[in-house]
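Just so you know, ligand 1 is whichever comes first in the structure, and atom 1 is the first atom listed for that ligand. Note that the numbering runs from 1 along the sequence shown for the chain.
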Amino acid sequence: MNTQILKNTIAELFANGKGILAMDESSKTCDKRFEASGISRTEEMRRQYRQLLVTTSGLNESIGGAILFDETIRQKTDTGELMAEVLMKAGILPGIKVDKGTVPLAGFPNELITEGLDGLRERLSEYKTLGARFAKWRAVIKIGDGIPTVECINANVYLLTRYAALCQEAHIVPIIEPEVLMEGDHSLQECYNITEQVLKSLFYQLYQFKINLEGIILKPNMIVAGNTCEIQNSNDEVAEATFNCLRSCVPAALPAIAFLSGGQSPEYASANLRALNKNFKGHLPWIVTFSFARAIQQPALDVWKGEPSNIEQAQNLLYHYAKMAAEERN
Ligand code: 13P
(Lines give C-alpha, C1' and ligand atoms only; values in the text may rest on other atoms or scores of the structure.)
Protein backbone atom coordinates (compact mmCIF):
# COMPACT_ATOMS: atom_id res chain seq x y z
CA MET A 1 0.00 0.00 0.00
CA ASN A 2 1.24 3.47 -0.87
CA THR A 3 0.26 5.59 2.12
CA GLN A 4 1.34 8.75 0.36
CA ILE A 5 -1.56 8.45 -2.12
CA LEU A 6 -4.02 8.33 0.79
CA LYS A 7 -2.32 11.23 2.57
CA ASN A 8 -2.38 13.34 -0.59
CA THR A 9 -6.11 12.74 -1.03
CA ILE A 10 -6.77 13.80 2.57
CA ALA A 11 -4.64 16.92 2.17
CA GLU A 12 -6.54 17.86 -1.00
CA LEU A 13 -9.92 17.29 0.63
CA PHE A 14 -9.32 19.60 3.54
CA ALA A 15 -7.04 22.28 2.07
CA ASN A 16 -7.77 25.87 3.14
CA GLY A 17 -10.32 25.03 5.82
CA LYS A 18 -12.65 23.09 3.52
CA GLY A 19 -14.95 20.25 4.50
CA ILE A 20 -17.06 17.57 2.85
CA LEU A 21 -20.59 17.72 1.49
CA ALA A 22 -22.35 14.42 2.21
CA MET A 23 -24.84 14.09 -0.64
CA ASP A 24 -24.91 10.30 -0.56
CA GLU A 25 -28.41 9.67 0.77
CA SER A 26 -29.63 6.35 -0.56
CA SER A 27 -32.58 6.55 -2.97
CA LYS A 28 -34.81 5.47 -0.08
CA THR A 29 -33.58 8.20 2.28
CA CYS A 30 -33.66 10.81 -0.49
CA ASP A 31 -37.25 9.82 -1.30
CA LYS A 32 -38.19 10.14 2.37
CA ARG A 33 -36.84 13.70 2.41
CA PHE A 34 -38.54 14.45 -0.93
CA GLU A 35 -41.85 13.21 0.43
CA ALA A 36 -41.58 15.54 3.42
CA SER A 37 -41.02 18.45 0.99
CA GLY A 38 -43.78 17.38 -1.41
CA ILE A 39 -41.35 16.47 -4.21
CA SER A 40 -42.15 13.45 -6.39
CA ARG A 41 -40.05 10.42 -5.61
CA THR A 42 -38.53 9.49 -8.96
CA GLU A 43 -35.03 8.82 -10.24
CA GLU A 44 -35.35 11.89 -12.49
CA MET A 45 -36.15 14.17 -9.56
CA ARG A 46 -33.23 12.75 -7.61
CA ARG A 47 -31.02 13.46 -10.65
CA GLN A 48 -32.29 17.03 -10.87
CA TYR A 49 -31.68 17.56 -7.17
CA ARG A 50 -28.13 16.21 -7.32
CA GLN A 51 -27.53 18.35 -10.40
CA LEU A 52 -28.66 21.39 -8.42
CA LEU A 53 -26.09 20.53 -5.74
CA VAL A 54 -23.08 19.83 -7.96
CA THR A 55 -23.62 22.85 -10.22
CA THR A 56 -23.80 25.38 -7.37
CA SER A 57 -21.24 27.99 -8.26
CA GLY A 58 -18.61 28.80 -5.65
CA LEU A 59 -19.25 25.57 -3.74
CA ASN A 60 -15.56 24.74 -4.06
CA GLU A 61 -14.72 27.71 -1.81
CA SER A 62 -15.83 25.66 1.19
CA ILE A 63 -16.23 22.09 -0.06
CA GLY A 64 -13.22 19.93 -0.92
CA GLY A 65 -15.07 16.65 -1.46
CA ALA A 66 -18.59 15.37 -2.06
CA ILE A 67 -19.82 11.91 -1.16
CA LEU A 68 -22.07 10.40 -3.84
CA PHE A 69 -24.49 7.49 -3.83
CA ASP A 70 -24.13 4.64 -6.36
CA GLU A 71 -27.04 6.01 -8.42
CA THR A 72 -25.52 9.51 -8.47
CA ILE A 73 -21.99 8.56 -9.52
CA ARG A 74 -23.57 7.05 -12.68
CA GLN A 75 -25.91 9.97 -13.39
CA LYS A 76 -25.30 12.82 -15.79
CA THR A 77 -26.28 16.46 -15.73
CA ASP A 78 -28.41 18.02 -18.49
CA THR A 79 -25.21 18.73 -20.46
CA GLY A 80 -24.35 15.03 -20.56
CA GLU A 81 -21.46 15.19 -18.11
CA LEU A 82 -21.16 12.72 -15.26
CA MET A 83 -21.86 14.35 -11.89
CA ALA A 84 -18.40 13.21 -10.75
CA GLU A 85 -16.80 15.02 -13.73
CA VAL A 86 -18.64 18.25 -12.90
CA LEU A 87 -17.31 18.04 -9.35
CA MET A 88 -13.75 17.31 -10.46
CA LYS A 89 -13.79 20.27 -12.85
CA ALA A 90 -14.77 22.47 -9.91
CA GLY A 91 -11.87 21.11 -7.85
CA ILE A 92 -14.13 19.00 -5.62
CA LEU A 93 -13.07 15.37 -5.12
CA PRO A 94 -15.79 12.78 -5.65
CA GLY A 95 -16.29 10.09 -3.02
CA ILE A 96 -18.70 7.19 -2.77
CA LYS A 97 -20.90 5.63 -0.10
CA VAL A 98 -20.18 1.91 -0.31
CA ASP A 99 -22.21 0.44 2.52
CA LYS A 100 -25.61 -0.94 1.57
CA GLY A 101 -27.51 0.41 4.54
CA THR A 102 -28.63 -1.12 7.80
CA VAL A 103 -30.73 -4.17 8.67
CA PRO A 104 -31.88 -5.48 12.07
CA LEU A 105 -29.10 -7.30 13.94
CA ALA A 106 -30.45 -10.83 14.39
CA GLY A 107 -30.84 -11.77 18.04
CA PHE A 108 -30.52 -8.17 19.26
CA PRO A 109 -33.88 -6.38 19.24
CA ASN A 110 -33.84 -2.74 18.11
CA GLU A 111 -30.19 -2.84 17.07
CA LEU A 112 -28.81 -2.46 13.56
CA ILE A 113 -25.93 -3.81 11.54
CA THR A 114 -24.62 -2.37 8.29
CA GLU A 115 -24.36 -4.54 5.17
CA GLY A 116 -22.18 -4.24 2.08
CA LEU A 117 -18.90 -6.16 2.42
CA ASP A 118 -19.68 -8.83 -0.18
CA GLY A 119 -18.03 -7.98 -3.49
CA LEU A 120 -16.65 -4.73 -2.06
CA ARG A 121 -13.15 -5.25 -3.51
CA GLU A 122 -14.62 -5.39 -7.03
CA ARG A 123 -17.01 -2.49 -6.40
CA LEU A 124 -14.18 -0.31 -5.15
CA SER A 125 -12.17 -0.97 -8.27
CA GLU A 126 -15.15 0.05 -10.43
CA TYR A 127 -15.80 3.19 -8.36
CA LYS A 128 -12.17 4.13 -8.85
CA THR A 129 -12.64 4.09 -12.61
CA LEU A 130 -15.67 6.36 -12.10
CA GLY A 131 -13.48 8.87 -10.26
CA ALA A 132 -13.96 8.06 -6.56
CA ARG A 133 -10.97 9.01 -4.41
CA PHE A 134 -12.53 8.28 -1.05
CA ALA A 135 -15.37 6.20 0.37
CA LYS A 136 -17.81 6.09 3.28
CA TRP A 137 -19.31 3.37 5.45
CA ARG A 138 -21.84 4.27 8.13
CA ALA A 139 -22.49 2.16 11.21
CA VAL A 140 -25.49 3.09 13.35
CA ILE A 141 -25.56 2.79 17.13
CA LYS A 142 -28.80 3.56 18.96
CA ILE A 143 -29.03 4.60 22.60
CA GLY A 144 -32.07 3.23 24.43
CA ASP A 145 -33.29 0.85 27.08
CA GLY A 146 -30.45 -1.66 27.48
CA ILE A 147 -28.85 -0.71 24.18
CA PRO A 148 -26.38 -0.55 22.63
CA THR A 149 -25.06 -3.97 23.54
CA VAL A 150 -21.36 -4.64 23.39
CA GLU A 151 -22.06 -7.28 20.72
CA CYS A 152 -23.71 -4.70 18.47
CA ILE A 153 -20.86 -2.25 18.93
CA ASN A 154 -18.19 -4.84 18.26
CA ALA A 155 -19.93 -6.33 15.22
CA ASN A 156 -20.37 -2.90 13.63
CA VAL A 157 -16.83 -1.87 14.40
CA TYR A 158 -15.49 -5.10 12.90
CA LEU A 159 -17.27 -4.37 9.62
CA LEU A 160 -16.00 -0.79 9.58
CA THR A 161 -12.49 -2.17 9.99
CA ARG A 162 -12.82 -4.75 7.20
CA TYR A 163 -14.20 -2.03 4.92
CA ALA A 164 -11.29 0.27 5.78
CA ALA A 165 -8.75 -2.44 4.93
CA LEU A 166 -10.29 -3.00 1.50
CA CYS A 167 -10.34 0.74 0.79
CA GLN A 168 -6.72 1.20 1.75
CA GLU A 169 -5.75 -1.75 -0.45
CA ALA A 170 -7.43 0.09 -3.35
CA HIS A 171 -5.81 3.43 -2.42
CA ILE A 172 -9.22 4.90 -1.67
CA VAL A 173 -9.40 6.85 1.60
CA PRO A 174 -11.96 5.28 3.94
CA ILE A 175 -14.24 7.59 5.88
CA ILE A 176 -15.11 5.59 8.96
CA GLU A 177 -18.48 6.65 10.33
CA PRO A 178 -19.67 5.11 13.59
CA GLU A 179 -22.76 7.23 14.25
CA VAL A 180 -24.23 7.24 17.73
CA LEU A 181 -27.73 8.51 16.96
CA MET A 182 -29.14 11.69 18.47
CA GLU A 183 -32.67 10.26 18.60
CA GLY A 184 -33.76 9.74 22.20
CA ASP A 185 -33.97 11.43 25.57
CA HIS A 186 -30.46 10.52 26.72
CA SER A 187 -28.18 13.14 28.27
CA LEU A 188 -24.94 14.55 26.89
CA GLN A 189 -23.08 12.39 29.42
CA GLU A 190 -24.77 9.23 28.13
CA CYS A 191 -23.82 10.17 24.57
CA TYR A 192 -20.26 10.69 25.82
CA ASN A 193 -20.13 7.27 27.50
CA ILE A 194 -21.46 5.34 24.51
CA THR A 195 -19.37 7.24 21.96
CA GLU A 196 -16.30 6.59 24.08
CA GLN A 197 -17.08 2.87 24.18
CA VAL A 198 -17.58 2.78 20.40
CA LEU A 199 -14.39 4.68 19.60
CA LYS A 200 -12.24 2.64 22.01
CA SER A 201 -13.52 -0.55 20.39
CA LEU A 202 -13.01 0.91 16.90
CA PHE A 203 -9.40 1.94 17.40
CA TYR A 204 -8.55 -1.42 18.98
CA GLN A 205 -9.94 -3.23 15.93
CA LEU A 206 -8.20 -0.87 13.52
CA TYR A 207 -4.94 -1.67 15.28
CA GLN A 208 -5.57 -5.42 15.15
CA PHE A 209 -6.31 -5.34 11.44
CA LYS A 210 -3.23 -3.23 10.63
CA ILE A 211 -5.12 -0.22 9.33
CA ASN A 212 -2.80 2.69 8.63
CA LEU A 213 -4.21 5.48 10.76
CA GLU A 214 -2.52 8.12 8.64
CA GLY A 215 -4.73 7.10 5.73
CA ILE A 216 -8.22 7.27 7.24
CA ILE A 217 -10.79 9.93 8.11
CA LEU A 218 -13.01 9.52 11.16
CA LYS A 219 -16.59 10.76 10.83
CA PRO A 220 -18.08 10.72 14.32
CA ASN A 221 -21.09 12.31 15.96
CA MET A 222 -20.52 15.29 18.20
CA ILE A 223 -21.21 14.71 21.89
CA VAL A 224 -24.71 16.11 22.24
CA ALA A 225 -27.79 15.35 24.31
CA GLY A 226 -30.57 13.32 22.66
CA ASN A 227 -33.05 15.36 20.62
CA THR A 228 -35.85 14.82 23.16
CA CYS A 229 -33.70 15.34 26.27
CA GLU A 230 -35.02 18.23 28.36
CA ILE A 231 -31.57 19.62 28.92
CA GLN A 232 -29.89 20.84 25.76
CA ASN A 233 -26.33 22.08 26.06
CA SER A 234 -24.53 25.22 25.02
CA ASN A 235 -22.01 25.21 22.19
CA ASP A 236 -19.16 25.52 24.69
CA GLU A 237 -20.43 22.50 26.65
CA VAL A 238 -20.79 20.41 23.51
CA ALA A 239 -17.31 21.46 22.36
CA GLU A 240 -15.74 20.56 25.69
CA ALA A 241 -17.40 17.14 25.93
CA THR A 242 -16.57 16.38 22.30
CA PHE A 243 -12.96 17.44 22.74
CA ASN A 244 -12.52 15.36 25.91
CA CYS A 245 -14.07 12.28 24.34
CA LEU A 246 -12.03 12.48 21.15
CA ARG A 247 -8.82 13.27 22.97
CA SER A 248 -9.14 10.16 25.09
CA CYS A 249 -10.02 7.84 22.18
CA VAL A 250 -8.52 9.04 18.88
CA PRO A 251 -4.77 8.66 18.24
CA ALA A 252 -2.92 11.78 17.14
CA ALA A 253 -1.65 9.88 14.06
CA LEU A 254 -5.07 10.34 12.49
CA PRO A 255 -4.99 13.28 10.04
CA ALA A 256 -8.62 14.41 10.14
CA ILE A 257 -11.94 14.21 11.91
CA ALA A 258 -15.00 15.29 9.88
CA PHE A 259 -18.20 15.42 11.90
CA LEU A 260 -21.66 14.38 10.77
CA SER A 261 -24.50 16.71 11.74
CA GLY A 262 -26.94 13.98 12.76
CA GLY A 263 -30.09 16.10 12.72
CA GLN A 264 -28.70 19.18 14.48
CA SER A 265 -29.82 22.45 12.91
CA PRO A 266 -27.28 24.02 10.54
CA GLU A 267 -26.70 26.85 13.02
CA TYR A 268 -26.18 24.59 16.05
CA ALA A 269 -23.90 22.14 14.21
CA SER A 270 -21.72 24.91 12.77
CA ALA A 271 -21.55 26.81 16.07
CA ASN A 272 -20.51 23.61 17.88
CA LEU A 273 -17.77 23.06 15.32
CA ARG A 274 -16.62 26.65 15.68
CA ALA A 275 -16.51 26.38 19.49
CA LEU A 276 -14.48 23.19 19.24
CA ASN A 277 -11.90 24.74 16.92
CA LYS A 278 -11.80 28.04 18.78
CA ASN A 279 -11.83 26.87 22.40
CA PHE A 280 -9.26 24.14 21.82
CA LYS A 281 -7.06 25.86 19.26
CA GLY A 282 -3.52 24.59 19.60
CA HIS A 283 -4.68 21.40 21.36
CA LEU A 284 -6.20 19.55 18.43
CA PRO A 285 -3.74 17.12 16.82
CA TRP A 286 -6.11 16.54 13.90
CA ILE A 287 -7.86 18.68 11.30
CA VAL A 288 -11.34 19.08 12.78
CA THR A 289 -13.96 19.78 10.13
CA PHE A 290 -17.36 18.75 8.80
CA SER A 291 -18.93 16.16 6.55
CA PHE A 292 -22.51 17.39 6.89
CA ALA A 293 -25.53 16.35 4.89
CA ARG A 294 -28.66 17.83 6.49
CA ALA A 295 -26.87 20.78 8.13
CA ILE A 296 -25.84 22.00 4.66
CA GLN A 297 -28.56 20.68 2.36
CA GLN A 298 -31.84 20.85 4.24
CA PRO A 299 -32.62 24.57 3.77
CA ALA A 300 -31.89 24.25 0.03
CA LEU A 301 -34.14 21.22 -0.28
CA ASP A 302 -36.95 22.97 1.60
CA VAL A 303 -36.83 25.90 -0.82
CA TRP A 304 -36.35 23.94 -4.06
CA LYS A 305 -39.57 21.90 -3.85
CA GLY A 306 -38.75 20.37 -7.25
CA GLU A 307 -39.45 23.68 -9.08
CA PRO A 308 -36.95 24.96 -11.69
CA SER A 309 -37.82 28.53 -10.69
CA ASN A 310 -36.48 27.87 -7.16
CA ILE A 311 -33.09 26.49 -8.21
CA GLU A 312 -31.21 29.75 -7.88
CA GLN A 313 -32.53 30.44 -4.39
CA ALA A 314 -31.81 26.85 -3.31
CA GLN A 315 -28.25 27.08 -4.63
CA ASN A 316 -27.74 30.36 -2.79
CA LEU A 317 -28.78 28.64 0.44
CA LEU A 318 -26.53 25.66 -0.21
CA TYR A 319 -23.61 27.99 -0.83
CA HIS A 320 -24.44 29.95 2.33
CA TYR A 321 -24.65 26.96 4.69
CA ALA A 322 -21.55 25.29 3.24
CA LYS A 323 -19.68 28.54 3.70
CA MET A 324 -20.98 28.91 7.26
CA ALA A 325 -19.74 25.42 8.19
CA ALA A 326 -16.32 26.10 6.65
CA GLU A 327 -15.93 29.56 8.09
CA GLU A 328 -16.57 28.22 11.57
CA ARG A 329 -13.35 26.25 11.21
CA ASN A 330 -11.04 29.18 10.61
P1 13P B 1 -25.95 14.26 8.48
O2 13P B 1 -24.96 15.38 8.47
O3 13P B 1 -27.32 14.64 7.97
O4 13P B 1 -25.98 13.52 9.78
O5 13P B 1 -25.45 13.21 7.42
C6 13P B 1 -24.14 12.83 7.44
C7 13P B 1 -24.03 11.52 6.82
O8 13P B 1 -23.31 11.36 5.87
C9 13P B 1 -24.82 10.41 7.36
O10 13P B 1 -24.29 9.20 6.90
Side-chain angles (χ1 to χ4, degrees), residues 13 18-34 36-37 49-50 53 62-73 92-102 112-116 132 134-143 156 159-160 163-164 173-184 191 195 198 202 216-227 238 242 256-273 276 288-302 317-318 321-322 324-326 328-329:
L13 276 172
K18 294 182 193 185
I20 292 175
L21 170 64
M23 48 174 285
D24 60 322
E25 298 83 2
S26 64
S27 304
K28 206 170 117 204
T29 303
C30 194
D31 284 351
K32 230 193 302 172
R33 302 209 173 130
F34 277 13
S37 296
Y49 178 58
R50 265 66 187 253
L53 300 179
S62 45
I63 299 295
I67 318 173
L68 307 176
F69 182 57
D70 181 81
E71 177 180 89
T72 318
I73 205 167
I92 298 174
L93 301 186
I96 182 78
K97 169 190 173 77
V98 300
D99 69 70
K100 294 199 165 175
T102 56
L112 299 170
I113 189 83
T114 304
E115 294 192 320
F134 64 102
K136 184 190 104 171
W137 179 291
R138 174 176 178 251
V140 175
I141 305 293
K142 294 201 246 177
I143 301 182
N156 270 293
L159 295 174
L160 277 168
Y163 140 82
V173 173
I175 295 186
I176 297 177
E177 180 178 11
E179 176 172 5
V180 176
L181 290 186
M182 241 176 90
E183 279 70 38
C191 175
T195 305
V198 170
L202 173 67
I216 63 173
I217 297 165
L218 178 68
K219 175 164 173 165
N221 49 284
M222 295 180 194
I223 306 299
V224 289
N227 57 355
V238 169
T242 304
I257 293 174
F259 286 102
L260 59 93
S261 59
Q264 301 176 61
S265 71
E267 289 75 15
Y268 190 55
S270 288
N272 286 335
L273 186 58
L276 185 53
V288 174
T289 184
F290 62 90
S291 174
F292 295 161
R294 283 164 287 180
I296 295 179
Q297 284 184 51
Q298 195 60 47
L301 181 61
D302 291 343
L317 283 169
L318 187 81
Y321 282 104
M324 182 170 83
E328 306 300 3
R329 255 196 69 196

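Scanning A139, A269, A293, A258 for the heavy atom closest to atom 5 (O) of ligand 1 points to A293. In this comparison of R33, K219, Q264, the heavy atom closest to atom 6 (C) of ligand 1 sits on K219.
In terms of protein heavy-atom proximity, atom 3 (O) of ligand 1 is closest to R294 NE, 2.7 Å. Scanning all protein heavy atoms for the shortest distance to atom 1 (P) of ligand 1 gives S261 OG, 3.3 Å. For atom 9 (C) of ligand 1, the closest heavy atom belonging to the protein is E177 OE2, 3.3 Å. The nearest heavy-atom contact from the protein to atom 10 (O) of ligand 1 is K136 NZ, 2.5 Å.
Near F292, the atoms of ligand 1 lying under 4.0 angstrom from a non-hydrogen atom of the residue are 2 (O). Atoms of ligand 1 lying under 4.0 Å from any heavy atom of G262, numbered from 1 in the order shown and given with element: 1 (P), 2 (O), 4 (O).
Side-chain atoms of Y49 never come within 3.5 Å of backbone atoms of F34 as a donor-acceptor pair (strictly under, hydrogens ignored). With N221 contributing its side chain and F259 its backbone, the two residues share no donor-acceptor pair below 3.5 Å. Under a 3.5 Å cut-off, the side chain of S291 and the backbone N or O of A22 do not form any donor-acceptor pair. With hydrogens and angles disregarded, no donor-acceptor distance shorter than 3.5 Å links the side chain of D24 to the backbone of A293. S261 places no side-chain N or O within 3.5 Å of a backbone atom of Q264 that could act as its donor or acceptor partner.
Heavy atoms of R138 found under 4.0 angstrom from ligand 1 belong exclusively to the side chain. For A22, every heavy-atom contact with ligand 1 shorter than 4.0 Å involves the side chain, none the backbone.
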- Run the side chain to side chain contact (heavy atoms under 4.5 Å, CB included) check on E115 and D99 step by step: do they pass? CA-CA 6 Å; E115 294 192 320; D99 69 70; over 6 Å; no
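For F292 and Y321, the ring centers sit 6.0 Å or farther from each other.
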